[in-house]
Amino acid sequence: MPRWLVWLNEYVPIRYAAWFLAAVGLVASGVHAWSTDTEWWLVVVFATLVLMGFGDISQSSRAVLRNYPVIGHLRYLLEFIRPEMRQYFIESDGEATPFSRQQRSLVYQRAKGEPDKRPFGTQKDVNATGYEWISHSLLPTHIHSQDFRINIGADGSSCTQPYSASVFNVSAMSFGALSANAILALNGGAKKGGFAHDTGEGSISRYHRQPGGDLIWEIGSGYFGCRDEQGQFDPVQFEANARSPQVKLIELKLSQGAKPGHGGVLPGPKVTLEIAEARGVPAGQDCISPSSHSAFSTPIEMMQFIERLRQLSGGKPVGFKFCMGHVWEWFAMVKAMRETGIWPDFIVIDGAEGGTGAAPLEFTDHVGAPLQEGLLMVHNTLVGLNERHRVKLGCAGKVISAFDIARMMALGADWCNSARGFMFALGCIQAQTCHTGHCPTGVTTQDPARMRALVVPDKTERVYRFHHNTMFALKELVQAAGLTHPNQITADHILRRVSGFETRRLSNLLNYAKPGELLLAEKGEGPWLQPAFEQYWLKARADSFTL
């Protein structure tokens, strides 16, 4: 970039170019009109654009206009005429785009408190293979509250501070990946709505603490917020943070859906003083997240570490999050639980289809098990051992609508987390510039000028409304099915079209374990639910992650 352009961008950001040119046009047209006493209409036009720009940067509800005065109106013009532009926006963009646009539109409507009703029936092809629906009852129920909750902890573990959690919470997104204003709005919305906010592995920042919303403290392999100078786990720092009344759950992150089995590096120039403060690392130096943990190396050591975290936290619920990889490693963890008698209070299964941050293409597309397979494997294993009651299961992976939540409940989840849904509520338009720092809506940037586009009070309310209205929609689904709580939704309630002439319930389509089935198979007294995994179960060891 030429030096003069760098200088100009420092004082007049390029995204203000249309507004700047309107101001130049106003001056030029004014001089011309004054000298010729003609074409005063040009002055009116340019003056209108300049005033429009002032209005854009002053309003608080539209982040795009705050960052892109004047020219940003083109986006909203296209949104306004979208029914007529359907061929361009939806049908010509391929199969992935309509799903994404419909998701975003639904979240925007609920976050803004706008009606989410649509005319002329379903917009999906009910005869298409893969179409799913929930069966309804002729005797619908009436539920007084949409505040569906579950208790996590204190069921056979040493947990003394169980947590009553919403069935829909904010999934893990770190400060650093998200802006300070985004964190403030998410946690403020969680505070108002009574749901939990996962910190992501970037630890607890001042922006998580300020609103006072419930936190799920995620601890990754970098031990941010509880590490010593060598990057090893520091129990003193952990205890100081974990005993904060705001921290409700401790989540040990083994892997994530976006890039399972892959570490990460936050380059030194991006490690600001605030990020360094939250993570407990030196400012301006590369911040490294190893691909594996150093606090344990075997499944038994992992369970012992979980119990250690539980004791250090004062008895708070402790669990772990992972994306299903080698099945024998999961089996080894379960065998370690049985052998040590130490059971996590919860497990969060991350699906490979999830992830809002940037990751290598091969990892986003071809590493890790999808959420359905991972969740069902964990659920079936615990049911087959008669131990499902000990552990609550959370899940994450493109969960946005009430039907998404209902479907995950049918697969065995106790609650769901969402990242992209709450990002949409913040105003994310999927510009896919998260990793560049040039986010147009101030959600994923540390640039103060761009960040100011995200007005915290306005977006706090939108986060709250998205959760509130999604829970209302879930309540209506549960009532229609004749139930009283979403945890009563089973695989018998969800149907899928498997061909043009056949539909099947998930209970008939997927393999579900019966209580104690794995124990019988282990003794040779019954068949294996999935014979392909028999050898992995028999070879898995509590003292090693390898076969």
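Applying the side-chain hydrogen bond (donor to acceptor under 3.5 Å, both in side chains) test to residues at least two apart or on different chains, the pairs with a partner in residues 466-485 are Gln146-His468, Ser166-His467, Thr484-Gln488. Among residue pairs with one or both ends in residues 385-407, none qualify as ring-ring contact (aromatic ring centres under 6.0 Å, His included); sequence neighbours excluded.
When every heavy atom of Pro299 is checked against every heavy atom of Ala332, the shortest pair comes out as CB-O, 3.6 Å. Residues Thr199 and Ile204 approach most closely at CG2-CG1, 4.1 Å, considering heavy atoms. Across all their heavy atoms, Cys439 and Val443 have their closest contact at SG-N, 3.3 Å. Considering every non-hydrogen atom in both Gly319 and Pro344, the closest pair reads CA-CB, 4.1 Å. Nearest heavy-atom pair, Trp343 versus Ser157, reported as atom, atom and distance to 0.1 Å: O-CB, 4.1 Å. Here the closest heavy-atom approach between residue Ala172 and residue Glu218 is recorded as CB-OE1, 3.3 Å.
Between Val463 and Lys192 the shortest side-chain heavy-atom distance does not fall below 4.5 Å. A 4.5 Å side-chain heavy-atom check between Ser292 and Ser221 finds every atom pair outside the cut-off. Between Ile349 and Leu393, some side-chain heavy-atom pair lies under the 4.5 Å cut-off. Between Phe296 and Met303 the shortest side-chain heavy-atom distance does not fall below 4.5 Å. Side-chain contact between Phe322 and Glu329 is absent, with no heavy-atom pair separated by less than 4.5 Å. Side-chain contact between Asp414 and Val167 is absent, with no heavy-atom pair separated by less than 4.5 Å. Contact of the Thr340 side chain with the Glu307 side chain is not registered, since no non-hydrogen atoms from C-beta on lie closer than 4.5 Å. Taking the side chain as every heavy atom from C-beta outward, Met471 and Asp147 never approach each other to under 4.5 Å.
Annotation: the span from Phe320 atom CZ to Leu309 atom CG amounts to 12.5 Å, rounded to 0.5 Å. Rounded to the nearest 0.5 Å, atoms CZ (Phe346) and CG (Leu249) are 5.0 Å apart. Taken to the nearest 0.5 Å, the SG atom of Cys226 stands 4.5 Å off from the CD1 atom of Ile219. With rounding to the nearest 0.5 angstrom, the CG atom of Asp198 is 11.0 Å from the CG atom of Leu186. A distance of 10.5 Å separates CD in Glu301 from OG in Ser544, rounded to the nearest 0.5 Å. Between Glu132 atom CD and Leu495 atom CG the span is 9.0 Å, to the nearest 0.5 Å.
Although no hydrogens or angles enter the test, the distance criterion places a donor-acceptor pair under 3.5 Å between the side chain of Ser418 and the main chain of Val399. Proximity of a side-chain donor or acceptor of Ser255 to a complementary backbone N or O of Cys323 within less than 3.5 Å is detected. Tyr223 contributes a side-chain N or O that, together with a main-chain N or O of Ala295, makes up a donor-acceptor pair within less than 3.5 Å. At least one donor-acceptor pair under 3.5 Å links the side chain of Ser174 to the backbone N or O of Gly202. Asn241 places a side-chain N or O within 3.5 Å of a backbone atom of Gly225 that can act as its donor or acceptor partner. In this structure a side-chain-to-backbone donor-acceptor pair under 3.5 Å is present from Lys316 to Val247. The backbone N or O of Ala242 lies less than 3.5 Å from no partner atom in the side chain of Ser313, so there is not a single donor-acceptor pair. For Glu502 (side chain) and Val498 (main-chain N/O), no donor-acceptor pair under 3.5 Å exists by modelled atom type. Side chain of Arg497 to main chain of Val126: a donor-acceptor pair is present (N/O by atom type, distance under 3.5 Å, no hydrogens or angles).
Remark: Lys335 NZ is packed, more than 12 non-hydrogen atoms of other residues, nucleotides or ligands lying under 6.0 Å away.
When the salt bridge (Lys or Arg N to Asp or Glu O under 4.0 Å) test is applied to Asp345, the partners found at least two apart in sequence or on another chain are Arg310. The side-chain hydrogen bond (donor to acceptor under 3.5 Å, both in side chains) search around Thr298 returns none, not counting sequence neighbours. The ring pair (Phe, Tyr, Trp, His ring centres under 6.0 Å) search around Phe472 returns none, not counting sequence neighbours. Residues forming a side-chain hydrogen bond (donor to acceptor under 3.5 Å, both in side chains) with Asp543 (at least two apart in sequence, or on another chain): Arg541. Residues satisfying the side-chain contact (heavy atoms from CB on, under 4.5 Å) criterion with Ala396, sequence neighbours excluded, are Ser171, Asp350, Asn417. With sequence neighbours left out, the ring pair (Phe, Tyr, Trp, His ring centres under 6.0 Å) criterion links His326 to Trp328. Applying the ring pair (Phe, Tyr, Trp, His ring centres under 6.0 Å) rule to Phe466 yields the partners Phe168, Phe422; only residues at least two apart in sequence or on another chain are considered. The salt bridge (Lys or Arg N to Asp or Glu O under 4.0 Å) test applied to Arg505 returns no partner, not counting sequence neighbours.
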Handout entry: Pair Arg420-Val107, side-chain contact (heavy atoms from CB on, under 4.5 Å): steps then yes or no
Key = CA-CA 10 Å; Arg420 75 185 62 212; Val107 176; over 6 Å; no
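Salt bridge present: Glu201 and Lys253 bring a charged side-chain N and a carboxylate O closer than 4.0 Å.
Aromatic ring centroids of Phe195 and Trp415 lie 6.0 Å or more apart.
Using a 30° and 60° split on the angle between ring planes, Phe238 and Phe233 fall in the tilted class, from 30° to 60°.
Remark: the Ser158 side chain and the Gln311 side chain contain an N/O donor-acceptor pair separated by less than 3.5 Å.
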Using distance only, find each side-chain donor-acceptor pair of residues 378-387 under 3.5 Å and give its atom names and separation, not counting sequence neighbours.
from	atom 1	to	atom 2	distance (Å)
His379	ND1	Arg388	NE	3.1
Asn380	OD1	Ala513	N	2.8
Asn380	ND2	Leu376	O	3.4
Asn380	ND2	Asn511	O	2.8
Thr381	OG1	Trp330	NE1	3.0
Thr381	OG1	Met377	O	2.7
Asn386	OD1	Gly516	N	3.1
Glu387	OE1	Arg390	NE	2.5

Compile the donor-acceptor pairs under 3.5 Å between side chains in residues 518-533 and protein atoms, sequence neighbours left out, one pair per line.
from	atom 1	to	atom 2	distance (Å)
Glu522	OE2	Trp537	NE1	3.1
Trp528	NE1	Glu534	OE2	3.2

